[in-house]
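Remarks on the structure that follows.
All figures in this text were calculated on a predicted structure; none of them were measured in a lab. Positions are given from 1 along the sequence.
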Amino acid sequence: MKFAVHFFGCKVNQYDAARWTIGLGKNYVAQPNDADIIVLFSCVVTHKAEAEVRRFVQKWKAQGKKIILTGCGTNITLTDLADESVTLVPVDQLDSFMQQLGSFSAPKVIPFYPDRSRGFVKVEEGCNWRCTYCVSSLERGEVGSRPLGEILQEIRLMSERGISEVVLTGTNLMLWREGEKNYLDLIECVSKVAAEYNMRVRLSSVYPEMVNARMIELFSVYPLARHLHISLQSASDKVLKSMNRAPLTDLTQMLLQLRNLDSGFAFTADIIVGYPTETEQDFLMTMSFLSDLRFSKVHVFPFSVRPGTPASQMRTLPSTVVRKRAALLNELGETLKKSFIESQKKSYRPAVYLRSENLALTDNYIYVPSEPFSGIKHVPIVENSYIM
């Protein structure tokens, strides 16, 4: 049997796909055309993401391929796809399924990412928080943390393969636990090891309540990339309460303290526009928050009804209102992006070289045209630098 591996969506899926790309060994092929079976790590975070997965499945089914569909979507959203060609396997059952299928196994530790200077390190799986709009926590299963020793071993192996930046990722980083240790202890332990090997650490996505005094202390001591991608969703505490999320409380103060550590510290955010309870005033509060704190990028997600979630039972806002707000927020995002890059021009930032793209990625998440180099090097932010 020949297997191709494909993923949609987040870094967790990308990590899992890399793990099985290695694990399948000689049975792995790069192109679906050459495969008998496609292992598909799916994403259903929005209706658009779900539609992409469905198109992919229909395309390769029509060409006679068998598909093992895992990732998100196997419990609720994509169950109608199951048939003689498509087998749905919850991600926490994939290892045992593949073992039974043909004694296939993927390594517990990924030793390298081919032709990469950055490596993703999954530290936990699952989320037991219940944000009202989120189907991923329902799809992904119970929370499970990887052992700290396994995580540190993976980082050391990546260092030996020339990886200079590790990106900590998970369904919800804040839920990592090992005994009395929490996510802040994890970040500190990882950062200590990274410092030994002249590597830097990037946090893939954080919840606002993760940004506290101890995290700021860690940023002041260890080689953590000067960038936080914040799962913000809204700057209105009223909307956040309706989403079953925590209020922002001291977030503004915490972000200003990080900016005091480094004036080039970058903040990016995910925002849901047009949540059913969002008023015009709520929307303007979010716009002001992003402007006042000079975010460098905004990922805009028009509210998407996801099956099985509490928000799917709410009355949605008119589509014209949602589209207008999304357009305004995207416009603001472009303005903020340009302003941030302009503020950084002629400065030098520590960067890693992205071998497959002929670019360097700075610690504050700016892409800079660059000649090849190894390790971490300070590069100038030049005229044609950009943020993706």
I'd like to know if the side chain of [X] and the backbone of [Y] have a donor-acceptor N/O pair within less than 3.5 Å.
X      : Y      : answer
Asn198 : Gly375 : no
Lys65  : Ala35  : yes
Asn244 : Arg130 : yes
Ser242 : Thr277 : no

Side chain to side chain contact (heavy atoms under 4.5 Å, CB included) assessment of Val300 paired with Ile272: CA-CA 6 Å; Val300 180; Ile272 293 175; over 6 Å; no
Interatomic distance, [X] atom [atom1] to [Y] atom [atom2] [nearest 0.5 angstrom]:
X      : Y      : atom1 : atom2 : answer
Ser105 : Leu24  : OG    : CG    : 9.0 Å
Ile67  : Thr87  : CD1   : OG1   : 9.5 Å
Leu290 : Ser296 : CG    : OG    : 10.5 Å

Determine which pairs satisfy ring pair (Phe, Tyr, Trp, His ring centres under 6.0 Å) with at least one residue from residues 228-251, sequence neighbours left out, and list them in order.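 Only His229-His299 qualify under ring pair (Phe, Tyr, Trp, His ring centres under 6.0 Å).
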Near-ring test His227/Phe265, centroid separation under 6.0 angstrom: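 No, the ring of Phe265 stays outside the 6.0 Å limit from the ring of His227, centre to centre.
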Is the Phe340 to Phe295 ring centre distance short of 6.0 Å?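 No.
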Strictly by modelled atom types, are [X] and [Y] linked by a side-chain donor-acceptor pair under 3.5 Å?
X      : Y      : value
Glu139 : Thr77  : yes
Asp282 : Tyr275 : no
Asn364 : Gln344 : yes

Quick one, [X] and [Y] - any side-chain contact, counting heavy atoms below 4.5 Å?
X      : Y      : answer
Asn182 : Trp176 : no
Val273 : Phe301 : no
Val123 : Leu148 : no
Pro90  : Gln93  : yes
Arg54  : Val57  : no
Val12  : Phe120 : no

Salt bridge (Lys or Arg N to Asp or Glu O under 4.0 Å) between Arg177 and Glu124: does it pass, once the steps are laid out? CA-CA 9 Å; Arg177 291 288 186 280; Glu124 67 85 43; over 6 Å; no
How close do [X] and [Y] get, counting heavy atoms only, and between which atoms?
X      : Y      : result
Pro32  : Ile38  : CB-CD1, 3.8 Å
Gly126 : Leu175 : O-CD1, 4.2 Å
Phe289 : Ala235 : CB-CB, 3.5 Å
Phe7   : Gly9   : CE1-O, 4.3 Å
Ser234 : Ile271 : N-CD1, 4.3 Å
Val143 : Asn128 : CG2-N, 3.5 Å

Would you list the pairs meeting salt bridge (charged side-chain N to carboxylate O under 4.0 Å, His left out) in which at least one residue belongs to residues 254-264, sequence neighbours left out? Asp262-Arg349
Pairs involving residues 290-318, ordered by first then second residue, that meet salt bridge (charged side-chain N to carboxylate O under 4.0 Å, His left out) (sequence neighbours left out): Glu50-Arg306
Atom CD of residue position Gln63 - does it have more than 12 heavy atoms of other residues, nucleotides or ligands inside 6.0 Å?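 Check passes, neighbour count above 12.
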For atom NZ of Lys2, is the number of surrounding heavy atoms from other residues, nucleotides or ligands below 6.0 Å larger than 12? yes
Side chain to side chain donor-acceptor pair (under 3.5 Å) partners for Tyr207, two or more places apart: none
Looking at [Y] and [X], is there a salt bridge between them, counting it only when a charged N and a carboxylate O are closer than 4.0 Å?
X      : Y      : result
Lys181 : Glu178 : no
Glu278 : Arg325 : yes
Glu154 : Arg146 : yes
Arg140 : Glu125 : yes
Glu188 : Arg214 : yes

Run through Val166, Leu224, Ile376 and flag the one making a side chain to side chain contact (heavy atoms under 4.5 Å, CB included) with Arg200. Ile376
Just one of Thr171, Thr169, Asp16 clears the side chain to side chain donor-acceptor pair (under 3.5 Å) bar with Lys122, so which one? Asp16
Please say whether the positively charged group of Lys377, taken as NZ for Lys or CZ for Arg, lies over the ring of Phe373, i.e. under 6.0 angstrom from the six-membered ring centre and within 45 degrees of the axis. yes
Take Ser370 and Leu359 through the test side chain to side chain contact (heavy atoms under 4.5 Å, CB included) and record every step on the way to the result. CA-CA 5 Å; Ser370 175; Leu359 295 167; 5.9 Å; no
Pairs in or reaching into residues 19-37: which pass side-chain hydrogen bond (donor to acceptor under 3.5 Å, both in side chains), with residues at least two apart or in two chains?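 Applying side-chain hydrogen bond (donor to acceptor under 3.5 Å, both in side chains) to every pair that reaches into residues 19-37, excluding sequence neighbours, yields Arg19-Asp95.
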Restricting to pairs with a member in residues 379-388, which pass side-chain hydrogen bond (donor to acceptor under 3.5 Å, both in side chains), not counting sequence neighbours? Lys345-Glu383
Could you go through the ring pair (Phe, Tyr, Trp, His ring centres under 6.0 Å) check for His378 and Tyr348 one step at a time? CA-CA 6 Å; His378 280 74; Tyr348 281 72; 7.7 Å; no
